[in-house]
Every structure is written in C-alpha cells, then in structure tokens.
Amino acid sequence: MSDYPSLKDLRTNGVKLLIFDLDGTLLDSMNVWNKVDIDFLGRYGYEVTPEYTDVVKRVSVDEAALYTQQRYKIPLSPAEIMAEWDRMVSGFYKNEVELKPNVRPYLDEAKRLGFQLGVATALTRNNAVSALVKNNILGMFEAVITLEDVGKKIDKSSPDIFLKVLNYVNARGTSTEPSRTLVYDDVQAAARGAKSGGFLTCAVYDKIGCGDPLKWESFAAECDYSVREF
C-alpha cells in the first residue's frame with residue numbers, strides 16, 4: 001500500500017503543483033451520479049455495471065452520452081441525453097454538493113505551504129464551477145480545466161488534461177514539471193493516464209468506484225500515494 005501524501009513531505013521532496021479531480025476525489029458526489037445512472041438506465045430496462053461506471057467517469061460528458069446511447073440503443077440523441085443528465089444534476093452541484101471530510105483543511109494547509117493547486121475534471125465547466133463556488137474554494141485554484149477544454153475526444157486515460165493544467169499554471173510563472181506535480185484521482189484509468197505523462201499519482205478512495213477491497217488495493221499499489229480519507 002502506498003503512503004499517505006503528507007503535504008510537508010511533498011514540499012520537502014520538491015513537489016510544487018497539486019492537481020485534483022472533483023467527483024469522488026474532492027467532492028462527495030458519486031452517489032448522485034450513481035443515482036442518475038440507475039434512474040436513467042432503469043427507464044430503458046438496464047442496470048448499471050461497474051464497467052459502465054468506469055467508462056463514464058473518465059470521459060467527457062458528450063463522450064459518455066454517445067457511449068450510453070450506442071451501448072444501450074437509447075432512443076435519444078447524445079445531446080438529449082446530456083440535457084437530461086444536466087437537468088438531473090445541475091441543482092445538486094449548485095445547491096447541495098459537499099466536500100469530502102477534511103478536504104478543506106487539506107487544501108488550506110496546501111495553500112499555506114505554498115503549493116499551486118489545479119483541477120482536472122470530467123464534469124462540465126458549469127457544474128465544476130458551481131460546485132467550487134458552492135463550497136467557497138474556487139479562488140484556491142490557479143487552474144480549473146475540464147475535458148471540454150481539452151477537446152480532440154480525449155479522456156482522462158490520456159495525460160493531456162493534466163498537461164494542460166500544468167502548462168496553464170506554468171504560463172503564469174510557476175515553472176514546474178510532471179515529476180514535481182501530484183495528481184489526485186479516484187479512477188484508476190485516470191491515474192494511469194497521469195502516470196503515462198510522467199506525473200506523480202495519488203489514488204483516492206471512493207466507495208462507488210473502489211468499494212471492492214481488491215480493486216482498491218490494486219489501484220493504491222499502482223500509485224505513488226494513496227488517500228483512504230483526507
């Protein structure tokens with residue numbers, strides 16, 4: 001099992017930038033998406049599988065909608081699927097979503113120690129910003145990058161989104177590199193994507209994605225650090 005990412009130790013080891021996923025990492029939000037998936041697919045007689053959750057968690061919303069339509073032959077266009085999902089979740093991100101326990105103190109300490117902070121998320125920009133504003137942490141991040149900003153049909157199994165955060169922060173004077181940047185994510189494929197770009201990685205436990213103890217142990221063992229709870 002990999003070590004907990006002590007901020008003081010990270011600083012001593014030369015890490016300058018911390019990049020965080022939102023859903024299931026900073027935000028206690030996977031239950032709402034699980035409910036959306038259950039309710040939406042249930043209308044058409046399907047059940048949510050772990051494989052389905054793994055795919056839609058790491059891709060952009062438009063890619064998830066296309067995947068859902070094609071896999072289950074949903075009689076809606078991808079745009080209509082996205083609109084329905086947005087209707088089901090937008091109020092949650094604006095008014096209800098909470099941070100996971102101890103996330104705010106961890107971020108406060110990171111800022112106090114001089115880290116730069118970034119976000120790399122598969123959420124839409126509207127929902128990502130709504131969640132950060134609702135929890136009064138938007139101003140803590142130098143960069144908030146979504147898969148919408150990356151384009152090119154890229155998902156988080158590629159390092160592109162993490163490199164975009166890094167480049168955005170560097171353009172504003174930080175001067176760091178992947179080997180001195182730690183990426184926190186609750187999806188194994190996303191952590192592998194970051195690792196392929198030379199980033200340090202931290203597995204973050206979430207019961208929706210990592211409820212199977214063997215899956216969590218495998219995920220944590222692949223990463224440089226792991227967080228069961230902040």
Side-chain angles (χ1 to χ4, degrees), residues 19-98 118-135 137-138 141 143-165 167-168 183 185-194 206 208-209:
I19 300 177
F20 296 91
D21 172 53
L22 290 182
D23 274 334
T25 298
L26 295 185
L27 302 178
D28 189 9
S29 53
M30 288 305 291
N31 279 334
V32 73
W33 277 109
N34 195 45
K35 185 176 187 305
V36 166
D37 291 341
I38 290 170
D39 291 349
F40 183 80
L41 292 181
R43 296 176 192 174
Y44 302 98
Y46 299 106
E47 294 184 353
V48 175
T49 65
E51 293 75 20
Y52 176 80
T53 299
D54 284 346
V55 170
V56 298
K57 180 68 171 63
R58 71 171 186 263
V59 302
S60 64
V61 176
D62 59 338
E63 286 289 289
L66 179 62
Y67 172 76
T68 301
Q69 182 208 43
Q70 293 179 342
R71 175 169 177 171
Y72 296 108
K73 305 297 186 291
I74 303 297
L76 300 173
S77 70
E80 289 170 329
I81 293 173
M82 285 191 290
E84 179 60 11
W85 286 347
D86 191 63
R87 184 193 68 77
M88 297 169 78
V89 303
S90 59
F92 171 78
Y93 284 103
K94 185 176 182 179
N95 302 310
E96 299 178 45
V97 68
E98 299 288 345
V119 165
T121 179
L123 279 175
T124 64
R125 174 158 293 279
N126 284 344
N127 286 335
V129 171
S130 291
L132 295 171
V133 169
K134 190 269 175 188
N135 286 282
I137 59 171
L138 178 61
F141 297 95
V144 177
I145 304 297
T146 75
L147 285 172
E148 294 173 332
D149 301 316
V150 180
K152 301 184 297 183
K153 305 299 182 184
I154 294 295
D155 65 37
K156 291 180 78 177
S157 63
S158 159
D160 291 45
I161 189 171
F162 309 110
L163 290 168
K164 193 172 184 71
V165 175
N167 292 336
Y168 188 98
V183 173
D185 210 296
D186 67 310
V187 172
Q188 193 166 16
R192 287 173 177 170
D206 187 87
I208 298 296

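Count residues from 1 along the sequence. Just so it is clear, the model here is predicted, and its values are computed rather than measured. Just so it is clear, the values below take in all heavy atoms, side chains as well, and ignore hydrogens, waters and symmetry mates.
The shortest distance between side-chain heavy atoms of E84 and R43 falls below 4.5 Å. Put simply, the side chain of D21 does not reach to within 4.5 Å of the side chain of V187, judged on heavy atoms. Using a 4.5 Å heavy-atom threshold, the side chains of I161 and I154 count as separate. The shortest distance between side-chain heavy atoms of I19 and I145 does not fall below 4.5 Å. Between E98 and N135, some side-chain heavy-atom pair lies under the 4.5 Å cut-off.
Contacts classified as salt bridge (charged side-chain N to carboxylate O under 4.0 Å, His left out) and involving residues 63-81 (residues at least two apart or in different chains) are given here: E63-K153.
Residues satisfying the ring pair (Phe, Tyr, Trp, His ring centres under 6.0 Å) criterion with Y44, sequence neighbours excluded, are F40. Residues passing the salt bridge (Lys or Arg N to Asp or Glu O under 4.0 Å) test with D149 are R125, sequence neighbours excluded. For D39, the side-chain contact (heavy atoms from CB on, under 4.5 Å) test picks out K35, M88, with sequence neighbours left out. With sequence neighbours excluded, the residues forming a side-chain contact (heavy atoms from CB on, under 4.5 Å) with A64 are V56, V59, W85, listed by chain and number. When the ring pair (Phe, Tyr, Trp, His ring centres under 6.0 Å) test is applied to F92, no partner is found at least two apart in sequence or on another chain.
The shortest non-hydrogen separation linking V48 to I38 is CG2-N, 3.6 Å. Among all heavy-atom pairs drawn from G193 and P159, the shortest one is O-CB, 3.3 Å. In this structure, T146 and T124 approach most closely via the heavy-atom pair CG2-C, 4.3 Å. Taking all atoms of both residues into account, the shortest heavy-atom contact from S77 to Q69 is CA-NE2, 3.8 Å. Contact record, L27 with L123: CD1-CD1, 4.4 Å, taken as the closest heavy-atom pair. Taking every heavy atom of both residues into account, D185 and K156 meet most closely at OD2-NZ, 2.7 Å.
Rounded to the nearest 0.5 Å, atoms CG (L147) and CG (D155) are 7.0 Å apart. In this structure, T68 OG1 and I81 CD1 are separated by 6.0 Å, a value rounded to the nearest 0.5 Å. The line from CG of L26 to CD1 of I137 is 6.0 Å long, rounded to the nearest 0.5 Å. Taken to the nearest 0.5 Å, the CG atom of D37 stands 15.0 Å off from the OH atom of Y46. The structure places CG of D160 at 9.5 Å from NZ of K164, a figure rounded to the nearest 0.5 Å. A distance of 6.0 Å separates CE of M30 from CG of D23, quoted to the nearest 0.5 Å.
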Check the pair N127, T121 against side chain to side chain contact (heavy atoms under 4.5 Å, CB included), reporting the backbone distance first and the verdict last. CA-CA 10 Å; N127 286 335; T121 179; over 6 Å; no
Residues D62, S60; criterion side chain to side chain donor-acceptor pair (under 3.5 Å); working and verdict: CA-CA 6 Å; D62 59 338; S60 64; 2.4 Å; yes
Residue pair V32, E96: steps toward the side chain to side chain contact (heavy atoms under 4.5 Å, CB included) verdict: CA-CA 10 Å; V32 73; E96 299 178 45; over 6 Å; no
Determine whether D206 and K57 satisfy the following criterion, salt bridge (Lys or Arg N to Asp or Glu O under 4.0 Å), listing intermediate values before the conclusion. CA-CA 12 Å; D206 187 87; K57 180 68 171 63; over 6 Å; no
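Surrounding NZ of K94 are at most 12 heavy atoms belonging to other residues, nucleotides or ligands under 6.0 Å away.
Between the side chain of D86 and the backbone N or O of M82, no donor-acceptor pair lies under 3.5 Å. At least one donor-acceptor pair closer than 3.5 Å links the side chain of T25 to the backbone N or O of D186.
Here the two rings, on Y52 and Y72, have centers that are under 6.0 Å apart.
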